[in-house]
Structure formats: C-alpha cells, structure tokens
Amino acid sequence: MKSIRVRMAPSPTGRFHLGSARTALYNYLFAKKTGGKFILRIEDTDQKRYVPGAEEEIVQSLEWLGIPPDESPVHGGGYGPYRQTERRDIYSKYSWELVEKDSAFPCFCTPERLDAVRKEQLARKENPRYDGTCRNLNPVEARRRVDADEKYVIRFKMPKEGSTTAVDLLRGPITIENTALDDFVLLKSDGLPTYHMAAMIDDHLMEITHVIRGSEWLSTFALHANIIRAFGWEEPTWVHLSLFLRPSGKGKMSKRAVAEDSKDGRSIFIRDLKELGYTPEGVLNWVVLMGWGVAEDDVMTLDQMVERFNIDSLTPSPAAVNFQKLDHFNGTHIRLLTNEDLSARIKPYFTKAGLEVQNETLLKITPLIRERLVTLDDCLAFASFFFQETVKPNPEDLIAKGLDAKQSAEIVRKAYEILSRLPELTHAVTEPPMRAYVEGSGFNAGQVFGILRVAVTGQKVSPPLFESMEIIGREIVLERLKKAVEILEKM
RNA sequence: GCCCCCAUCGUCUAGCGGCCCAGGACGGAGCCCUCUCAAGGCUCAAACAGGGGUUCGAGUCCCCUUGGGGGCACCA
C-alpha cells in the first residue's frame, strides 16, 4: 500500500488563522494516525498580494501549536523545493505538455478586453466566462506569436459537452456540467501558474495521496479533477472541510466579522491567541471539535486526538466559531498542566509587566491560582500583589458590607494583634486563631476575611487569604495590616 | 442571476433504519461547597426546519420547499 502523504498549502498573502490551523491539524492528525507524512508547501505564486513575514508566521504558528510539518521550506525533505516560486520552470513545462495534448491553449487576449467582455455578459445577465477567442487558434500560428514574444497565458480547454464527476470523501460524488466550467487560466502572463495548475502539479509531484482543504475549493473541484485527468495522473482522495462561520453564524468568519460579533480579547489569528494567553493545548482542543465530533470525553491531548481521529467522520456542514468554548478548553487545559509547567508558562507575563519573580515563590503561588485562570495572562490579575513592594487598597473596599470604618479598623487591629503574636504565618497556624476570633466577634467570616483580603492583597478578588499570607510572609503582612488601619482611621 | 455545498438544543456535535419520549460539551438557570473569585459536585430548561414519499418501523434513505453557506479573476 502506498504511504500516506498530505499537505497544507497556504499562500503567504495573509495571516495564519483558525481556519488554517484546523486544516493543518486535520492534515497532521491524519498523517500521524496513518504513519504518513505531513507537508507544508508555500503557494506564493501571487506576487501582487505577497506579504513579507507571512511565511514565518505560518511556520511559527505550526510550531507553537505543536503540529510541525515533516517536510517544508524550512524543514527540508525529498520533494522540494517547497516554495512554488522556486519551482516556476516546472509549471511552464507541464502547461505546454497540456497544450501538446490539446487540453490547453495559449491565449493572447488582453485583460482589458476580457474585462469588457465580462461587463457585457453581465449586462446581458449572462454568466461571465471566457468567450473562446483564442481557443481554436491555429497551433502553428499560436506558437509563432508566442515565439514573437507576444504576451500570453495558457488556458485549460474545458470540454464543451458532458459533465465532470469527482468524489469528495465526505460528500460523495459531485457532478458539474462542463458548460458551467470555464476555460480557466493555468499559466499567467508573468510565467507563474495559478493555484489550479500549481497545486495539481505539485500534489502529483509530491505524491500527495489525500487533499484535505477548505470547502471554498468545492466549486473548482471539477476543474482540478479535469486537469489531473488531462495529464493522465492518479487522482488523490479529496476531502473538503467545512467552513468556519462568524460567531453569529451569519457569514464567513473573518477578522472583521469576529470583531463585530465578540468582545475584545478575541482574535482569529493564532499568533494573537498566543499573545492573549491561550495555550496550544486549548486552541487545538477547541479547533479540532469544530468540524469533528466525539461522543463523550471531549477534553483531549494531541496524542488522544491522533488516537481517536478518523478522517471520514469529519462534518461537511459549516461551523460558527464560539470563543466562550475556547475559554473553557483553555482553562481546562491550564488545570491539567503540572505546577512546574504552568509556572514556567506564566512567568513571562510577570516579567513583561516589570515584576521580578523568584521561581521558588512562583511555584508556591501557582497551585493557588491555577483553577482561576482562563488565559495565562490572568495570572497578573490574581498574583501581581505577591511581587509588589506595597499594595494600594481602595479605602472603600476596606470597609466590609454592613460595617463602618470604625468597626473595620477594629477588625484589622485585632487581626494584627493575633497575627503579630505568631512566630510565622503559615496557613496551619494562622487559620485556627482567626477562626476563633471570628466566632467570638459577632462579625461573620465573610466580613472579617474580606477586609483582611483587601488589606493584605490590595484587591477584592484574590487567591485564598491564609495561603496568600503564608507566601507573602509575616513581615509584609503585618506591615500591610498596619497601613490598612491607618487608612481606616483617617476615614 | 447562475453553479455547488449544507441542514439535530442558542453554539459545537453524537446518531450511519428499531438500542432515541434523541446522548455529550459550551453557554444559561438553580442548588450544594465556600473567606472573595474560581474550580468542583448535583439538578433543570433547551433540538431532529417544513411537506411529501420508501419501509412493519425514519433524526437516520429518496424527492420537493424553505433556510443558511460558498463560488463565479492572469487571487488563493
């Protein structure tokens, strides 16, 4: 049996987004599942739309997600080059081969004329298509004009009759009338191929067995099958993935649509997601389930995905992206990380915020905040106070609900008294006397601990009080309590 | 306009003719736990688009309607 080879073939004309990530993931999963190879090929044949840096973003995103290709422009491989502009001679050769076979023809029509024709057709409410001017040119004459350096493209000679049927793995046979297809351009006047041509040639040369791509290609699918058949090559298995819809479900996902439908902190770009504090595990788990379903146990690691993945159980219907679900998976995977791993991942956020963190302290804090994090950068909101010299509690927050400043001051003073008698403030020694105090004070735990929380951490929401005090240390805790009393006394 | 694809809770989905008065997950509601916020546990509400067939039997097969999406470039 032939070994499986799949590919992801993005063009470096835009950023690497969720759709790209999922296509890459499914390709990756299928390759790993079957012991095949996952190839990354850069389709940079459109020089006008070329975006510098786009290729780096693609490679880095795959790397970050943990689904790197086996072969690519940077990883190498035996089927290179993997950048189409570095393969330009190949395409010209094959295009002319098709001309020889009478399946393609050189066309000398100018873009201006074609444009005019299209407008006329549209005005007459006809379907815009190539009018066939050069289709039946005498081959000898055509060759002469090419040799005379006249500008030309090569077009596919689509059969005028009959229909083309090609099979999509998820949808079954799809038949399109040939009259509905056009004489598509295969080779552009700049000598570079269009996607239609380049992808088919490269897939053949790189021995791609399964083409797993977005369903925006479904409409030109028959053209692609025609090209392959004209060459007499073996067709790959076609798998057209479902499309991603904007969160509202009304229309295709795009940067703008997502911005309109969701709150801030959302992005469809993988690199942004990384910056926003999402984990590769969370993103992968989220993305893998849009277009594929498991009966239960939907929290999965990459290895489990590989194990359970089944290419023909993919869904053909479009899927609206749901960022709340991303948050859920991200939080879930954060909770699955070891303390060491999570510590290492959140450390950069503190550093970036200008806080100096000691690994040892961070390792003690991590278990306190892990189940509170949705994104990694949430660590700042929950744990910055551990690393700050002083905290600045909002005076209002130092007064517990139902109490006044005087009562609150009394509580902090009492706490200071109790805690200052203890040699060290470990959780085990601080909680019992504080609980005892609450018992006899007439105040409730929520009020007392609430005030102390604000006094010690400077914020109303924080990790558990006693554990936090232990990490902050006796000296600073007492100092902060004293400060709180001063604030309350001035109110 | 033409061509193509799709159709189960608000969303992602399980279901491949009887196991389904439809299961899971997110989100929502409620309760429990609780020093805040989370996490966790339990419970609830929530769907087979409509109409025709086929069949002893249809969410599952076929057709139509409707709805949604995509494509119609010397872009991918």
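Not measured: the values here are computed from a predicted model. The analysis underlying the following values was restricted to heavy atoms, covering all of them including side chains, and did not include hydrogens, waters or symmetry mates. In what follows, chains are A, B, ... by sequence order, proteins preceding strands, each numbered from 1.
- An OP1 or OP2 oxygen of C75(B) is reached within less than 4.0 angstrom by a side-chain nitrogen or oxygen of K188(A).
- Look at K250(A) and you won't find any side-chain N or O under 4.0 angstrom from OP1 or OP2 of G68(B).
- Remark: the R171(A) side chain and the C5(B) base include no donor-acceptor N/O pair separated by less than 3.5 Å.
- At a threshold of 4.0 angstrom between heavy atoms, the contacts of Q121(A) with the nucleic acid are absent.
- In this structure, D312(A) atom CG and C16(B) atom C1' are separated by 11 Å, rounded to whole Å.
- When only modelled atom types and interatomic distance are considered, Y91(A) and D202(A) share a side-chain donor-acceptor pair under 3.5 Å.
- The nearest whole Å value for the distance from the CG atom in D182(A) to the C1' atom in C4(B) is 16 Å.
- Checking C74(B), G1(B), A76(B) against the side-chain heavy atoms of P128(A) singles out G1(B) as nearest.
- Of all nucleotides present, none satisfies the Watson-Crick or G-U wobble test against A22(B) with each distance under 3.5 Å.
- T13(A) comes within contact range of no nucleotide atom at all, as no heavy-atom separation falls under 4.0 Å.
- G28(B): Watson-Crick or G-U partner is C44(B), with both key distances under 3.5 Å.
- If you check every strand for non-hydrogen atoms under 4.0 Å, T45(A) touches sugar and phosphate atoms only.
- Residue K460(A) is classed as a base contact, given a heavy-atom separation below 4.0 Å to a base.
- Considering only the side chain of L245(A), G69(B) comes nearest among U36(B), G69(B), A76(B).
- Taking the ring axis of Y130(A) as reference, the NZ or CZ atom of R155(A) stays within 45° of it and closer than 6.0 Å to the ring centre.
- Within the nucleic acid shown, R370(A) has no heavy atom closer than 4.0 Å to any nucleic acid atom.
- Minimum atom distance to the side chain of A295(A) is reached by A14(B), of the listed A14(B), U11(B), C35(B).
- For K252(A), counting side-chain heavy atoms from C-beta on, the closest listed nucleotide (C3(B), G69(B), G71(B)) is G71(B).
- One can place CZ of R453(A) at 7 Å from P of U36(B), the figure rounded to the nearest angstrom.
- In this structure, of C37(B), U11(B), A76(B), it is C37(B) that holds the atom nearest to the side chain of R372(A).
- For D327(A) and C26(B), the CG to C1' distance is 10 Å, given to the nearest whole Å.
- With 3.5 Å as the limit, one finds a donor-acceptor pair spanning the side chains of H427(A) and E431(A).
- For the pair S215(A) and L465(A), nearest-nucleotide mapping onto RNA chain B gives the more 5' position to L465(A).
- Geometrically, R145(A) does not engage Y152(A) in a cation-pi contact defined by less than 6.0 Å to the ring centre and at most 45° from the axis.
- Atoms CZ (R246(A)) and P (G68(B)) sit 14 Å apart, rounded to a whole Å.
- To the nearest angstrom, C1' of C12(B) lies 12 Å from CE of M300(A).
- Across the strands present, C9(B) finds no partner; the criterion is a Watson-Crick or G-U wobble pair with both atom distances under 3.5 angstrom.
- Using a 4.0 Å heavy-atom criterion, one finds that R155(A) contacts the sugar-phosphate atoms exclusively.
- Using a 4.0 Å heavy-atom distance criterion, I174(A) is classed as a sugar-phosphate-only contact.
- Looking at D327(A) and R266(A), their side chains come closer than 4.5 Å, going by heavy atoms from C-beta outward.
- Of the N and O atoms on the side chains of N178(A) and E161(A), not one donor lies less than 3.5 Å from an acceptor on the other residue.
- With distances taken from any side-chain atom of F466(A) to the nucleotides C35(B), G70(B), C26(B), the minimum falls on C35(B).
- At the heavy-atom level, P247(A) lies nowhere under 4.0 Å from the strands shown.
- Looking at heavy-atom distances under 4.0 Å, W286(A) makes no contact with the nucleic acid at all.
- A donor-acceptor contact under 3.5 Å is formed by the side chain of N127(A) with the base of G1(B).
- Contact record, R83(A) with P73(A): NH2-CB, 3.4 Å, taken as the closest heavy-atom pair.
- As judged by a 4.0 angstrom heavy-atom cut-off over every strand, P318(A) is placed among residues touching the sugar-phosphate backbone only.
- Counting non-hydrogen atoms under 4.0 angstrom, G14(A) reaches nothing in the nucleic acid.
- Taking the ring centroids of F350(A) and F387(A), they lie under the 6.0 Å cut-off.
- No donor-acceptor contact under 3.5 Å links the side chain of T194(A) to the base of C74(B).
- Look at G1(B): its Watson-Crick or wobble partner, with both distances under 3.5 angstrom, is C72(B).
- For K48(A), taking side-chain heavy atoms from C-beta onward, the closest of the listed nucleotides C74(B), C37(B), G71(B) is C74(B).
- Closest to the D298(A) side chain, of the nucleotides C74(B), A25(B), A14(B), is A25(B).
- Between R435(A) and the phosphate of C35(B), there is a side-chain N or O to OP1/OP2 separation shorter than 4.0 Å.
- The residue L289(A) sits close only to the backbone: its heavy atoms come under 4.0 Å of sugar-phosphate atoms, none of a base.
- Using a 4.0 Å heavy-atom criterion, one finds that V153(A) contacts the bases of the nucleic acid, with or without backbone contacts as well.
- For L169(A) and C6(B), the CG to P distance is 13 Å, given to the nearest whole Å.
- N285(A) has its CG atom 13 Å from the C1' atom of U13(B), to the nearest Å.
- In this structure, A38(B) forms no base pair with any nucleotide, since neither Watson-Crick nor G-U wobble geometry is met with both distances under 3.5 Å.
- With 3.5 Å as the limit, one finds no donor-acceptor pair spanning the side chains of T315(A) and W292(A).
- Using a 4.0 Å heavy-atom distance criterion, G331(A) is classed as making no nucleic acid contact.
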